Q: 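Here it is: the structure, laid out below.
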Amino acid sequence: MDIRLVKGSDYNAISPLINEWWGGRQMSDMLPKLFFVHFNETSYTAEINGEIVGFLIGFLSQSHSDEAYIHFVGVHPGYRKNNIGKKLYNEFFNVVKENGRNIVRCVTSPVNKVSIAYHIKMGFEIEEGNKEVDGVSVFANYDGPNQDRVLFAKKLD
């Protein structure tokens, strides 16, 4: 498996895969091309034999000098459980540390139980929200009306 920095042209390959990889959920609008153009020094693709099997879009916070943020991560359903996500996260963690940052944040929907479990397994902690959904602390209306979100933070060594 090869991991490399994303390029602007990767948008055309990855965007059509997003809804498919998310089981038909309409998610592609959450990842516009600007992320591939403006955050390509902190975002990665994973390829096997030239096929994109995973990606991570992240950036260094412009507002908080000790933080970074993971915006979107995907792994091809046929390649899950092969540590692709873990390798992508570790690449991001390395660039975060190289840039003097020590906190990584990310957000997911409370309906995405797989994402919640994965982030906990990767050492992220759920931030204390103002509401509970299915036993998970969430921030009510975080992304607008009825758009509750689970917020995570991970401190890097």
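Values in this document were obtained by computation on a predicted structure and should not be read as measured data. All heavy atoms count here, side chains included; hydrogens, waters and symmetry mates do not.
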Q: Return all side-chain donor-acceptor pairs below 3.5 angstrom for residues 125-138, not counting sequence neighbours, or 'none' if the list is empty.
A:
from   : atom 1 : to     : atom 2 : distance (Å)
Glu127 : OE2    : Arg105 : NH1    : 2.2
Asn130 : OD1    : Ala140 : N      : 2.8
Lys131 : NZ     : Asp148 : OD2    : 2.7
Asp134 : OD2    : Lys113 : NZ     : 3.1
Ser137 : OG     : Gly129 : N      : 2.6

Q: Let's go through Ile52 and Ile14 carefully: what are the C-alpha distance in whole Å and the side-chain angles of both, what is the deciding distance for side chain to side chain contact (heavy atoms under 4.5 Å, CB included) to 0.1 Å, and is it a yes or a no?
A: CA-CA 8 Å; Ile52 294 175; Ile14 291 172; 3.9 Å; yes

Q: Starting from the C-alpha separation in whole Å, work towards a yes-or-no answer on side chain to side chain contact (heavy atoms under 4.5 Å, CB included) for Thr42 and Leu60.
A: CA-CA 8 Å; Thr42 54; Leu60 304 175; 4.1 Å; yes

Q: So, using side-chain contact (heavy atoms from CB on, under 4.5 Å) as the criterion, who are the partners of Tyr11 when residues are at least two apart?
A: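 Once residues adjacent in sequence are excluded, the partners of Tyr11 under the side-chain contact (heavy atoms from CB on, under 4.5 Å) criterion are Ser15, Lys33, Phe36.
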
Q: Mind listing the closest non-hydrogen atom pair of His71 and Leu31 along with its distance?
A: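 Residues His71 and Leu31, closest heavy atoms: CD2-CD1, 3.8 Å.
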
Q: Write down the atom of Val96, the atom of Ala68, and the distance for their closest heavy-atom approach.
A: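 Looking at all heavy atoms of both residues, the closest pair is CG2-CB, 3.5 Å.
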
Q: Determine whether Ile57 and Ile70 make a side-chain contact, defined as any pair of heavy atoms from C-beta on separated by less than 4.5 Å.
A: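 Side chain of Ile57 against side chain of Ile70, heavy atoms only: no contact under 4.5 Å found.
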
Q: In this structure, would Leu34 and Val107 fall into the same cluster of hydrophobic residues linked by side-chain contacts under 4.5 Å?
A: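 Hydrophobic grouping puts Leu34 with Val107.
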
Q: Within a strict 4.5 Å, meaning less than it, do heavy atoms of the Arg149 and Gln147 side chains meet?
A: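 The answer is yes; the side chains approach within 4.5 Å.
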
Q: Measuring from Thr45:OG1 to Glu51:CD, what's the distance to the nearest 0.5 Å?
A: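 Thr45 OG1 to Glu51 CD: 12.0 Å, rounded to 0.5 Å.
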
Q: Evaluate the side-chain proximity of Met1 to Ile84: yes if any heavy-atom separation is below 4.5 Å, no if none is.
A: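 Yes, at least one pair of side-chain atoms sits under 4.5 Å.
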
Q: Which side-chain N or O atoms in residues 20-27 pair as donor and acceptor under 3.5 Å with protein atoms at least two apart or in another chain?
A:
from  : atom 1 : to    : atom 2 : distance (Å)
Gln26 : OE1    : Asn19 : ND2    : 3.2
Gln26 : NE2    : Gly24 : O      : 3.2

Q: Is there a donor-acceptor contact under 3.5 Å from the side chain of Arg101 to the main chain of Leu156?
A: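 Pair absent, no side-chain N/O of Arg101 close to backbone of Leu156.
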
Q: Among residues at least two apart in sequence or on other chains, which ones pass side-chain hydrogen bond (donor to acceptor under 3.5 Å, both in side chains) with Gln62?
A: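 If we apply the side-chain hydrogen bond (donor to acceptor under 3.5 Å, both in side chains) test to Gln62, skipping adjacent residues, there are no hits.
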
Q: Count the heavy atoms of every other residue, nucleotide or ligand shown that sit under 6.0 Å from CG of Asn12, and state whether that count exceeds 12.
A: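 Atom CG in Asn12 is crowded, with more than 12 foreign heavy atoms closer than 6.0 Å.
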
Q: Of all residues at least two apart in sequence or in a different chain, which pass the side-chain contact (heavy atoms from CB on, under 4.5 Å) check with Tyr118?
A: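 Result, side-chain contact (heavy atoms from CB on, under 4.5 Å) vs Tyr118: Lys86, Tyr89, Met122.
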
Q: Output all residues satisfying ring-ring contact (aromatic ring centres under 6.0 Å, His included) with Tyr79, sequence neighbours left out; order by chain, then residue number.
A: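 ring-ring contact (aromatic ring centres under 6.0 Å, His included) list for Tyr79, sorted by chain: His76.
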
Q: Within the 4.5 Å heavy-atom criterion, are Val53 and Val75 side-chain neighbours or not?
A: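 No, too far: nothing below the 4.5 Å cut-off.
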
Q: Listed by chain and number, what are the side-chain hydrogen bond (donor to acceptor under 3.5 Å, both in side chains) partners of Asn90, not counting sequence neighbours?
A: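 Per chain and number, Asn90 pairs via side-chain hydrogen bond (donor to acceptor under 3.5 Å, both in side chains) with no residue.
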
Q: Which residues pass the side-chain hydrogen bond (donor to acceptor under 3.5 Å, both in side chains) test with Lys97, not counting sequence neighbours?
A: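 Once residues adjacent in sequence are excluded, Lys97 has no partner under the side-chain hydrogen bond (donor to acceptor under 3.5 Å, both in side chains) criterion.
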
Q: Rounded to the nearest 0.5 Å, what's the gap from CG on Asn82 to NZ on Lys87? Could you check?
A: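 Reported to 0.5 Å precision, the distance equals 8.0 Å.
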
Q: Quick check: closest heavy atoms across Phe72 and Met30, and the distance to 0.1 Å?
A: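 Result for this residue pair: CE1-CB, 3.7 Å.
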
Q: Answer whether the closest heavy-atom distance between the side chains of Val73 and Phe55 falls below 4.5 Å.
A: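 Counting from C-beta outward, Val73 and Phe55 never come under 4.5 Å.
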
Q: Could you give all pairs that pass the salt bridge (charged side-chain N to carboxylate O under 4.0 Å, His left out) test and reach residues 68-81, with sequence neighbours left out?
A: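 Salt bridge (charged side-chain N to carboxylate O under 4.0 Å, His left out) check on residues 68-81 returns no pairs.
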
Q: Going by the rule side-chain contact (heavy atoms from CB on, under 4.5 Å), which residues pair with Thr108 if we only count those two or more places apart in sequence or in a different chain?
A: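 Testing Thr108 for side-chain contact (heavy atoms from CB on, under 4.5 Å), a comparison that skips the adjacent residues, returns Asn112, Ser115, Ile116, Val150, Phe152.
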
Q: Give me the atom names and distance for the closest heavy-atom approach of Tyr69 to Phe92.
A: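 That closest heavy-atom pairing would be O-CZ, 3.6 Å.
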
Q: Strictly below 4.0 Å, N to O, side chains only: are Arg4 and Asp10 in salt-bridge contact?
A: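 A salt bridge links Arg4 with Asp10.
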
Q: Find out whether Asn40 and Lys7 are in side-chain contact, i.e. whether some heavy atom of one side chain is under 4.5 Å from a heavy atom of the other.
A: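 A side-chain contact is absent here, since even the closest heavy-atom pair is not under 4.5 Å.
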
Q: Return the set of residues passing side-chain contact (heavy atoms from CB on, under 4.5 Å) with Asp66 (not counting sequence neighbours), or none when no residue passes.
A: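 So Asp66 forms a side-chain contact (heavy atoms from CB on, under 4.5 Å) with His64, Asn102, Ile103.
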
Q: I'd like to know if the side chain of Ser43 and the backbone of Gly58 have a donor-acceptor N/O pair within less than 3.5 Å.
A: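 Looks like yes, one N/O pair under 3.5 Å.
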
Q: Are Tyr44 and Val95 packed together at the side-chain level, in the sense that at least one heavy-atom pair is separated by less than 4.5 angstrom?
A: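 SC-SC contact between Tyr44 and Val95 confirmed.
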
Q: Which heavy atom of Asp29 sits nearest a heavy atom of Pro32, and at what distance?
A: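 Between these two residues, the closest heavy atoms are O-CD, 3.9 Å.
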
Q: With sequence neighbours left out, what residues match Phe39 under ring-ring contact (aromatic ring centres under 6.0 Å, His included)?
A: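 For Phe39 the ring-ring contact (aromatic ring centres under 6.0 Å, His included) partners, ignoring immediate neighbours, are Phe35, Phe59.
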
